[in-house]
Number of protein chains: 2
Amino acid sequence: MNHDNHADNPLMDFDLLRKLVVGIGEVSDITGVPQRQIRYWEEKGIIQSYKEGEGTTRKYDYLSIKKILLVKELLDDGFTLDAAAKKVEERMRMINEVFQKLSDR
Amino acid sequence: MNHDNHADNPLMDFDLLRKLVVGIGEVSDITGVPQRQIRYWEEKGIIQSYKEGEGTTRKYDYLSIKKILLVKELLDDGFTLDAAAKKVEERMRMINEVFQKLSDR
DNA sequence: GCATTGATTGTAACAAATCTACAATTAAAG
DNA sequence: CTTTAATTGTAGATTTGTTACAATCAATGC
């Protein structure tokens with residue numbers, strides 16, 4: 001009955017969007033933030049990635065990348081890392097909310 | 001003036017969506033199509049990926065993944081690979097069009 | 001000055017992911 | 001039972017990513 005719920009609406013395929021997770025090299029290319037720095041932010045708990053199995057590589061989704069872009073922007077604006085992290089938290093809460101609503105239909 | 005054109009609208013960030021390109025392992029996980037088979041379809045010219053430099057690895061974007069899902073579906077429905085490929089071409093033309101319009105604003 | 005702290009960067013040695021190129025297998029069709 | 005389409009297997013090389021340890025650099029406080 002619904003064997004083609006994709007492809008109809010390329011705009012709204014949140015299901016697929018969620019699954020689009022990329023490696024750290026790609027994230028670095030996309031955001032312009034060096035891999036080393038991304039790992040550092042992660043150490044400090046500001047950014048989060050996940051691993052698909054034991055002893056594998058970091059994966060980042062759409063929202064994590066957004067977050068990295070936000071942090072970068074704030075740093076460029078002169079905030080400290082900690083201050084940027086705090087500011088970004090609020091922002092991400094809102095984005096996540098919108099995202100959630102949209103992907104719930 | 002527009003130093004935060006992302007984050008405002010997670011729905012519409014086609015800019016980021018375009019850059020979200022994933023490796024073949026991820027594509028395989030997402031679609032359920034074995035890596036080997038994806039490469040084979042590519043050899044036959046049905047699927048396309050790109051490489052970011054000489055001697056690097058295949059990357060797939062959102063639309064390529066959609067395409068793979070479509071081919072898979074048609075094969076499951078009993079079409080030949082070639083027939084599926086043909087059918088998918090038409091479908092992708094339309095999807096690309098919509099996508100283009102949306103990302104143009 | 002100079003020691004402290006926050007932020008970043010460098011790199012070696014190892015592990016995971018992917019690549020190509022060759023060949024084998026399987027199923028359907030004539 | 002041979003042909004063709006489609007898929008799968010795999011070795012050996014290359015690319016990408018990992019951790020852990022240490023070095024650098026700038027700002028701040030004493």
Side-chain angles (χ1 to χ4, degrees), chain A residues 19-62 64-65 67-89 92, chain B residues 19-62 64-65 67-89 92:
Chain A
K19 291 180 189 154
L20 272 191
V21 298
V22 310
I24 196 169
E26 201 52 48
V27 177
S28 179
D29 287 348
I30 292 172
T31 61
V33 179
Q35 299 187 18
R36 193 67 186 71
Q37 198 167 10
I38 296 171
R39 291 200 193 93
Y40 173 68
W41 291 355
E42 205 164 332
E43 262 177 43
K44 302 220 61 178
I46 295 170
I47 294 302
Q48 33 281 135
S49 68
Y50 76 96
K51 304 195 174 185
E52 299 188 327
E54 281 303 302
T56 61
T57 60
R58 274 169 253 257
K59 298 289 178 187
Y60 300 84
D61 64 9
Y62 180 88
S64 309
I65 296 172
K67 196 166 178 182
I68 292 171
L69 286 169
L70 275 176
V71 171
K72 179 195 165 131
E73 220 170 68
L74 290 172
L75 288 191
D76 287 348
D77 278 2
F79 287 90
T80 29
L81 231 201
D82 286 345
K86 220 169 184 183
K87 238 173 167 357
V88 161
E89 274 321 309
M92 289 308 293
Chain B
K19 292 181 189 153
L20 265 194
V21 297
V22 311
I24 196 169
E26 203 50 50
V27 176
S28 179
D29 287 349
I30 293 172
T31 62
V33 180
Q35 298 188 18
R36 193 64 187 74
Q37 197 167 12
I38 295 172
R39 291 200 195 94
Y40 172 69
W41 292 356
E42 206 163 331
E43 263 177 44
K44 303 219 62 179
I46 295 169
I47 293 301
Q48 34 282 134
S49 68
Y50 76 96
K51 303 194 174 184
E52 299 187 326
E54 282 303 303
T56 60
T57 60
R58 275 169 253 257
K59 298 290 177 186
Y60 300 84
D61 64 10
Y62 179 88
S64 308
I65 296 171
K67 195 166 179 180
I68 291 170
L69 286 168
L70 275 176
V71 171
K72 180 196 164 131
E73 221 171 67
L74 291 173
L75 288 191
D76 287 349
D77 277 2
F79 288 90
T80 348
L81 231 202
D82 286 344
K86 221 168 182 185
K87 237 172 170 357
V88 161
E89 274 321 308
M92 288 308 293

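Letters A, B, ... are given to chains in the order of the sequence lines, protein chains preceding strands, and every chain is numbered from 1. Heavy-atom basis, side chains included; hydrogens, waters and symmetry copies ignored.
- In this structure, A:Lys59 reaches neither bases nor backbone, as no heavy-atom distance under 4.0 Å exists between it and the strands shown.
- Listed candidates were D:dT7, D:dT15, D:dT18. Nearest to the side chain of B:Leu81 is D:dT7.
- For C:dC19, one of the phosphate oxygens OP1 or OP2 lies less than 4.0 angstrom from a side-chain nitrogen or oxygen of B:Arg39.
- Here B:Lys51 reaches the OP1 or OP2 of C:dT20: one of its side-chain N or O atoms lies under 4.0 Å away.
- The distance from the CD1 atom of B:Ile24 to the OG1 atom of B:Thr31 is 9.0 Å, given to the nearest 0.5 Å.
- Distances were taken from every side-chain heavy atom of A:Trp41 (C-beta onward) to each of C:dT8, C:dA23, D:dT7; the shortest belongs to C:dT8.
- The residue A:Ile46 sits apart from the nucleic acid: no heavy atom pair falls under 4.0 Å.
- For A:Pro34 and A:Gly55, each mapped to the nucleotide of DNA chain C holding its nearest heavy atom, the one lying further toward the 5' end belongs to A:Pro34.
- For A:Glu26 and B:Lys59, the salt-bridge test passes: some basic side-chain N is under 4.0 Å from an acidic carboxylate O.
- Of the candidate nucleotides D:dT16, D:dG17, C:dT9, D:dT16 has the atom lying nearest to any side-chain atom of B:Thr57.
- Distances shorter than 4.0 Å separate none of the side-chain N or O atoms of A:Gln37 from OP1 or OP2 on C:dA7.
- Counting to the nearest Å, the P atom of C:dC22 and the CD atom of B:Glu43 are 12 Å from each other.
- Take the nearest nucleotide of DNA chain C for A:Ala83 and for A:Glu54: the residue whose nucleotide is more 5' is A:Ala83.
- Between A:Glu42 atom CD and D:dT18 atom C1' the separation is 12 Å, expressed in whole Å.
- With C:dA7, C:dA17, D:dA6 as the candidates, the nucleotide lying closest to the side chain of A:Lys44 is C:dA7.
- With C:dT20, C:dG10, D:dG17 as the candidates, the nucleotide lying closest to the side chain of A:Ile24 is D:dG17.
- OP1 and OP2 of C:dT18 both lie 4.0 Å or more from every side-chain N or O belonging to B:Arg58.
- Among the candidates A:Gln48, A:Lys67, A:Glu42, the single residue satisfying the side chain to side chain donor-acceptor pair (under 3.5 Å) test with A:Tyr60 is A:Glu42.
- The A:Tyr40 side chain lies nearest to C:dA7 when the options are C:dA7, C:dC22, D:dG17.
- Rounded to an integer number of Å, the gap from B:Asp76 CG to D:dA6 P is 15 Å.
- Of the candidate nucleotides D:dG9, D:dG17, D:dT7, D:dT7 has the atom lying nearest to any side-chain atom of B:Leu75.
- Summarising the geometry, the separation between OH on B:Tyr60 and P on C:dA17 is reported as 16 Å, rounded to the nearest angstrom.
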